[in-house]
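Each remark here refers to the structure printed beneath this line.
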Amino acid sequence: MKYIMNVTRKSVIVIASVFSANIAFAQTLEEGIQSVDSQKYAKARDIYNQMITKSPDEAENYFYLGDTYLTQFEPNFDKAAEYFNKGIALDKKAYLNKIGLATIKLGKGDKSGIADIQEIVKDSREKDADVLYRAAEALTMFDETSSPDLAIDYLNKAIERAGRKGVPAYYYYTLGDAYRIKKMPGDAMNAYDKASAVAQNKASVFTRMGTLWMAAKQWKLAKEKIDAAIAIDPTYAPAYRALANYDIFYQQNAKAKNDLINYAKYADEDPSTQLEIAKLYFTIDDYANSKLTLDKIFDKVEDPIKYKLRAYLLFQDGNYAMANQDLDMFMQKAEKNRILDADKGLKGLIQAGLAKTETDPAKKAALIASSNANIALAKAKKDATLDWDFELAKINGGAIGSAEDGPTNPEIENLKVQVQANPKDTNLLFKLANAYQTAQNWNGAVLTWQKMINLLPDWAPAYYSQGLAYQQGGNNDMAANSYQKYIDKVKPADVDANKQTLSYAYFAIAYLKKDSDLAKAKEYAAKAVELNPTYEDAAKLNKELNSTSMQPASDNTMNQEIQKKVTDSTSTSN
């Protein structure tokens with residue numbers, strides 16, 4: 001009996017210590033998962049490295065570490081594969097690590113990874129909820145190679161398997177993410193509601209709900225959920241990133257900058273996170289902070305995208321030579337599927353900038369030809385990363401100044417206050433733009449019409465009025481660009497009702513291009529006359545462009561004629 005009692009006590013101690021170790025492991029793993037969800041990748045890697053140190057023969061620990069390199073903003077496939085392969089070397093049946101390798105295929109655009117995942121799940125006999133969950137997560141991670149239906153099937157099975165022990169919140173919110181890919185917002189929100197019921201930190205779920213409402217353009221509901229997330233956990237970094245995107249949409253860059261400061265504060269110093277912050281600063285035109293953040297981590301980041309971001313920053317500074325070097329470096333180092341149409345467009349803009357100072361006629365001509373081809377490629381693909389014509393016109397014609405440089409009056413100041421309080425009120429913007437034009441504050445008019453364009457990109461009259469403001473401000477290249485956009489935006493069904501204004505736009509471009517592009521000037525002058533045969537200045541310009549001796553109307557006559565019609569062009573209700 002004594003012997004039996006001693007054995008029993010020893011067994012109890014062993015069992016208790018194993019049980020305690022399992023609880024500690026579960027807590028550590030959960031903390032790592034929460035750190036990844038909070039976009040604190042450095043902290044997550046520290047946790048997973050500790051797990052590996054304590055249990056170096058546990059294959060799954062290598063999966064969790066490798067997975068952090070897939071879920072970071074710009075995946076590091078080589079680093080992830082390194083850890084997945086270490087896990088498989090320890091255990092040939094390491095299902096999670098095998099899923100990791102299949103996920104890398106998906107991240108590189110190889111859809112055969114879907115079949116690999118199906119085979120792995122089949123081999124696991126669908127007994128392990130975490131294997132099912134990680135398989136589903138992989139199938140929702142990359143848009144181009146996602147398989148939401150299969151992910152939903154796996155997640156439902158994972159939820160069923162985990163039911164007895166308790167379903168983790170991330171099972172449900174990943175289910176919501178899968179429904180989002182399928183564009184089924186109702187089902188996505190239902191899944192998020194279930195996640196909210198079991199989540200320890202509801203900030204994660206509320207942030208997802210907020211971004212779902214943003215995708216549905218339900219801005220009030222989006223803001224409420226994001227604010228709720230921050231109220232629950234003021235340190236939850238992704239909520240501030242979502243809030244920054246909300247404020248960027250509302251063109252409140254000052255607020256967005258503050259959001260990004262908080263995001264940077266509550267995320268961590270992981271280089272991939274800091275790189276993402278640098279990109280977001282660039283998005284709100286805060287080039288100084290973007291450059292400052294990028295410079296801090298440039299040498300710590302392996303991803304060649306760092307060269308592309310720096311190329312954009314150098315381009316904005318007008319340092320075309322250095323921008324060209326960095327963009328070329330990105331194109332050399334990046335995988336081909338990561339080189340976008342926008343990169344070709346940026347190359348074209350940089351070449352246009354280099355052409356301005358090139359003294360060798362042959363090299364200058366080659367730069368211009370290549371620039372036009374690259375920009376045309378981006379435009380043909382309808383890439384909207386930059387306004388290609390606008391940026392090209394800026395290079396050739398210079399940038400617009402500040403509204404504060406021009407005249408003001410009580411009406412303008414009153415409207416500025418109202419617009420600041422209601423930045424998306426297009427009626428107020430319309431009134432302010434016209435007030436600037438009346439006061440002949442052309443910079444103010446240009447900038448305000450641009451805000452109108454951002455909110456109503458298909459409303460043609462704003463482009464015409466912006467063209468007039470550019471022209472009156474002496475920026476002819478930008479004026480021609482805006483007039484062209486007006487022409488492009490007028491729908492075929494509306495041409496008859498807008499013949500006069502269209503005629504003026506064609507005439508303006510013809511006049512502005514007569515010295516640099518005679519063929520286009522002739523074409524557009526003829527079009528102006530065709531649309532409005534009674535337009536004398538257009539008829540005169542058309543005749544003179546096709547004669548041997550050209551003496552077209554003076555700048556003053558032309559400006560007066562177009563300005564006389566600006567009220568007609570902007571009187572349409574917005």
Item checked: Contacts of type side chain to side chain contact (heavy atoms under 4.5 Å, CB included), residue S272, not counting sequence neighbours -> Y41, Q72, D270
Notebook entry, point to check: Can you name the residues that form a side chain to side chain contact (heavy atoms under 4.5 Å, CB included) with S112, not counting sequence neighbours?
Noted result: K105, D110
Identify all side-chain donor-acceptor contacts of residues 359-366 below 3.5 Å with residues at least two apart in sequence or on another chain.
| unit_1 | atom_1 | unit_2 | atom_2 | d |
| --- | --- | --- | --- | --- |
| D360 | OD1 | A362 | N | 2.9 |
| D360 | OD1 | K363 | N | 3.1 |
| K364 | NZ | A355 | O | 2.5 |

Next item on the list: Go through K416 and E404 one step at a time and tell me if the salt bridge (charged side-chain N to carboxylate O under 4.0 Å, His left out) criterion holds.
Entry: CA-CA 12 Å; K416 282 167 62 178; E404 306 306 317; 3.3 Å; yes
Margin query: As an exercise, state the distance from CG of L354 to OG of S370, rounded to the nearest 0.5 Å.
Written below: 10.5 Å
Next item on the list: Please list all pairs passing the salt bridge (Lys or Arg N to Asp or Glu O under 4.0 Å) test where one or both residues lie in residues 456-469, with sequence neighbours left out.
Entry: D458-K489
Checklist line | Any donor-acceptor N or O pair under 3.5 Å, side chains K522, N542 | finding: no
Check: residues 313-321 side-chain donor-acceptor pairs under 3.5 Å, at least two apart:
| unit_1 | atom_1 | unit_2 | atom_2 | d |
| --- | --- | --- | --- | --- |
| N319 | OD1 | M322 | N | 3.3 |

Next item on the list: Sort and list the pairs that fulfil salt bridge (Lys or Arg N to Asp or Glu O under 4.0 Å) and have at least one residue in residues 239-248, not counting sequence neighbours.
Entry: R241-E276
Notebook entry, point to check: Residues in side chain to side chain contact (heavy atoms under 4.5 Å, CB included) with N441, at least two apart?
Noted result: P407, Y436, N443
Next item on the list: With sequence neighbours excluded, tell me which residues meet ring-ring contact (aromatic ring centres under 6.0 Å, His included) with F142.
Entry: none
Item checked: All side chain to side chain donor-acceptor pair (under 3.5 Å) counterparts of D295, not counting sequence neighbours -> K291
Item checked: Any residue meeting salt bridge (charged side-chain N to carboxylate O under 4.0 Å, His left out) with K223, in chain and number order, not counting sequence neighbours -> D227
Checklist line | Contacts of type ring-ring contact (aromatic ring centres under 6.0 Å, His included), residue Y179, not counting sequence neighbours | finding: none
Check: Residues two or more places apart in sequence or in another chain: which of them pass side chain to side chain contact (heavy atoms under 4.5 Å, CB included) with K333?
Finding: P304, Y307, M329
